[in-house]
Amino acid sequence: MTDNILEMRNISKEFPGVKALSEVNLTVRDGEIHAICGENGAGKSTLMKVLSGVYPHGSYTGEIHFEGNEARFGSINDSEDAGVVIIHQELALVPHLTVAENIFLGNEVRGRGGLIDWNAANHKAKTLMNRVGLHENPVTPVGQLGVGKQQLIEIAKALSKDVRLLILDEPTAALNDSDSDHLLSLLKGLQKEGITSIMISHKLGEIERVADRTTIIRDGKTIETIVMSDPDSTQDRIIRGMVGRDLEHRYPERIDHTIGEELLRVVDWTVHHPTQPNRVMVDHANFYVREGEVVGIAGLMGAGRTELAMSIFGRTYGRDTSGQVLKRGEPISTKSVSEAINNGIAYATEDRKKYGLNLIEDIRRNISAAALKKLSSRGFINGHEELSIAEAYRNSMNIKTPSVLQLAGNLSGGNQQKVVLSKWMYTDADVMILDEPTRGIDVGAKYEIYTIVNSLAAQGKGVVVISSELPELLGTCDRIYTLAFGRITGCLTAEEATPEALMTLMTQDKEAASDNDADAKEQDR
Amino acid sequence: MTGISNVRELLTRNLRQSGIFVAFVAIVALFTILTDGTLLSPTNLTNIVLQYSYILVLAIGMVIVIIGGHIDLSVGSVAALAGAVSAVLVIREGVPWWVGVLAGITVGLLAGAWQGFWVAFVGIPAFITTLAGMLLFRGLTFRVLDNISLSPFPPEYAKIATGFQNGLLGGDGYDVFTLVIFGFAVAGYVFTQIRARRAAVAYEQTVAATPLFITKLVAVAAVVMWFAWQLANSRGLPNVLIILAVLIIVYTIVTTRTVFGRHVYAIGGNLTAATLSGVKVKWVNFGIMLNMGLLAGVAGVIFSSRTNGAQPAAGNLFELDAIAASFIGGAAVTGGVGRVSGAIVGGLIMAVMSNGMQLMGVDQSIQQVVKGLVLLLAVAFDVWNKKRAGAR
């Protein structure tokens, strides 16, 4: 009889061109809370998808043993039948249905004649809700409840399926402090009832508080599993495990490296969530970028990086935005995208397929999309010039395609990103904000993108790189701001910055963050 | 990398666009056989043009609406209202015929601006806005006409849709003017095709092999001149054909060569990407609906001229024919894809089918069934084609 509820042995999973997991081992003991830590893209979520059957048996290599037997889950239904339930970061609740309807969705309480017995369902729901400490009427529509309570409904839903192993993907990312607190106590409570949990989290404080053991994953490999009661298991040790890798030869050398006058300064920038006006997504952020400078913004998932960038770029995110944007010391308006573009600001999105490109249009027209003004007179587009400009960028940016008349959707990730960069370079922007410029791109293409970033800086442009890969920021930036929970928690120069120092600032909780914010402002002046 | 592609490659690569022309030829051939050649007789060809011109005008606007990712259900009602206002002014109030024309077009523009406001600036989906518009403008039509039909228009007005240019340059039994105009059109077509091909070669793009290219030009020229000959032997050049040709040329340029046209494709293809590229999405949407209103006004004037009066129920279900024409012509249900030329061919397919079945004396009910099935199959083909492209 083993006391391991779960053993995942030598799990490898490949996507076209990318090895997401290689020989990962994970052992979870019966009745423990097991935390999984790693940078964004390290492979945590992929591992959990393998475990829960999202990636069915056969699409990965390796073995999963659950409660002593080899498990071959072909779908989420299989894993749920076995008692493995995953709660994703984006909650999967239907807002217009009631709490009880959501809890039993797909698993309805049948009465006589196959009809749903709502009285029994609501009663059962109430019992489950009490178990998770949710004191609401089971017939309340879920949409009327806050995110914290919705998270509890997800757990109640899991309990209704007789869960043995509960997997939570960043359960507290969207929660405020008191909701997080409640959730963590609940996990401890469920542990006493014999439910094992796996928790993916970036918040090291939380992990120290609830986890019995922590497995650190980096670049699709298991680094180590540490016992949290061991006095050596400090946050520093986890951070070292998450970031440590060699930085050499991945980044091109910077040449022509002169930093000039201040180009753009953002002052006291505050943004609220678009549908939950009380949630502050960016809180009095201050930063600046100079000519020829590459500035990084580091932050974990949910820190407010994209929110910060998009709210500056034509208020394309959030509401009740306040603060000032200064260009070369003069206040400018960036209330609409065209104003932002006219003021020389460009923003390349983190999700180029969804937000950056028109995939059913050709490369040529994607490149010209943001600067048709330059190509047209009296509303008529100069097609010949458009084509020759697209050709020029194809050559200078090394976009690998047989023709610029190919659809953007046919290109590989790296080449799509080059199209996006070409599009923004053609707008003659002075400040380029690049959000996750190398996400989903293979190593060779990444190097090319870094070279482009360097050459943009060499041309005297200010480049802001938002990235969740610390080595990338360390390898390309002159200065790095850290962002945590919507606040700028620090600013380190390339010489000062180490992965450990950045990760410490990025995982800082709110009180510490506000202290540091004051320090950061001090440094700015 | 200059590539020369063969017929098969061309067809498979551009199945969505070229398939429609193949289908058109097949349908024409089918109905020519079924009607013992009556379909292609000079009189009948002229009739097809006269009968379906207003649907084609609407299809031009509709395909732009659909490329932008919207739909317009109100064009029949707007056309009816435009015709009604024009009729009231010209027939009842006795104003000059051209004032009626301008008034009808203005009504279309106002209706388009009204719907554009709700769609673009309030953010009501076009489906709902124009569903409301369909009821609203139909009601207003009844109101304006006091529930009765008005007729007849003065001859000048009626000539817009039923008149011909004939005998301007003489000719014995056939109209030389018609032939000359068509001759210029074919020359212009050949010239632009050759220039486009030269440019494509200069930019190292794949082009059709030379013999294939020449065959295509000769075939198109032959068909068009044969069509001109038939018209010249009948009543000459219909006025509506001139209006239609101008609109097709103008809107082909608008959709392919202007910033506005490009923005329509951009918002239909990826709304967020367009927004983040600085496209003023609200104004583009407003422009799309305004333009649809304008063309609905034009169609209303043409229809009232053709029927030589205004009826409260005029234009009923025009929207469905226009929408069907766009989709049969290769517009994508999700937006971002479509062509004016495709919509025109789509409209002609509908026209030839209706006309052919009428000639054969097929029952009205069966005609509806057939048209419904053709629309369904055309969109099914589009969906299948997309899946096939995705699978590669």
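- Heavy-atom distances place no part of B:Leu271 under 4.5 Å from chain A, backbone and side chain included.
- Contacts with chain B were tallied for A:Met310, A:Arg365, A:Arg378, A:Glu361; A:Arg365 has the most, counting heavy-atom pairs under 4.5 Å.
- Counting heavy-atom neighbours within 6.0 Å of A:Lys327 NZ, excluding the residue itself, gives a total above 12.
- Looking at B:Ile253 and A:Phe380, their side chains come closer than 4.5 Å, going by heavy atoms from C-beta outward.
- Distance OG1/B:Thr258 to CG/A:Leu372: 9.5 Å, rounded to 0.5 Å.
- Not a single donor-acceptor pair under 3.5 Å links the side chain of A:Asn358 to the backbone N or O of B:Ala273.
- Of the two parts of A:Ser336, neither the backbone nor the side chain holds a non-hydrogen atom closer than 4.5 Å to a non-hydrogen atom of chain B.
- Per-residue counts of heavy-atom pairs under 4.5 Å with chain B were compared for A:Thr316, A:Asn342, A:Leu357; the largest is that of A:Leu357.
- For a residue to count as touching a neighbouring chain, one of its non-hydrogen atoms must lie under 4.5 Å from one of that chain's; by this rule A:Glu339 does not touch chain B.
- Residue A:Thr427: no heavy atom, backbone or side chain, is found under 4.5 Å from chain B.
- For A:Phe313, the part lying near chain B is the side chain, with the backbone staying farther off; criterion is any non-hydrogen pair under 4.5 Å.
- When side chains are defined from C-beta on, B:Asn270 does not count as touching A:Leu359, because their heavy atoms never get closer than 4.5 Å.
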Output, in order, the C-alpha distance, side-chain angles, deciding distance and verdict of side chain to side chain contact (heavy atoms under 4.5 Å, CB included) for A:Lys354 and B:Thr272. CA-CA 8 Å; A:Lys354 254 192 189 153; B:Thr272 323; over 6 Å; no

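- At most 12 heavy atoms of other shown residues, nucleotides or ligands fall within 6.0 angstrom of atom CZ in B:Phe127.
- B:Ser277 and A:Lys423 are linked by a side-chain donor-acceptor pair at a separation below 3.5 angstrom, with hydrogens and angles left out of the test.
- Separation of atoms OG (A:Ser376) and CZ (B:Arg257) is listed at 14.0 Å; rounding is to 0.5 Å.
- More than 12 heavy atoms of other residues, nucleotides or ligands lie within 6.0 Å of NZ in A:Lys374, so this atom counts as buried by the packing criterion.
- Only the side chain of A:Ile360 comes within contact range of chain B, with at least one heavy atom under 4.5 Å from a heavy atom of that chain.
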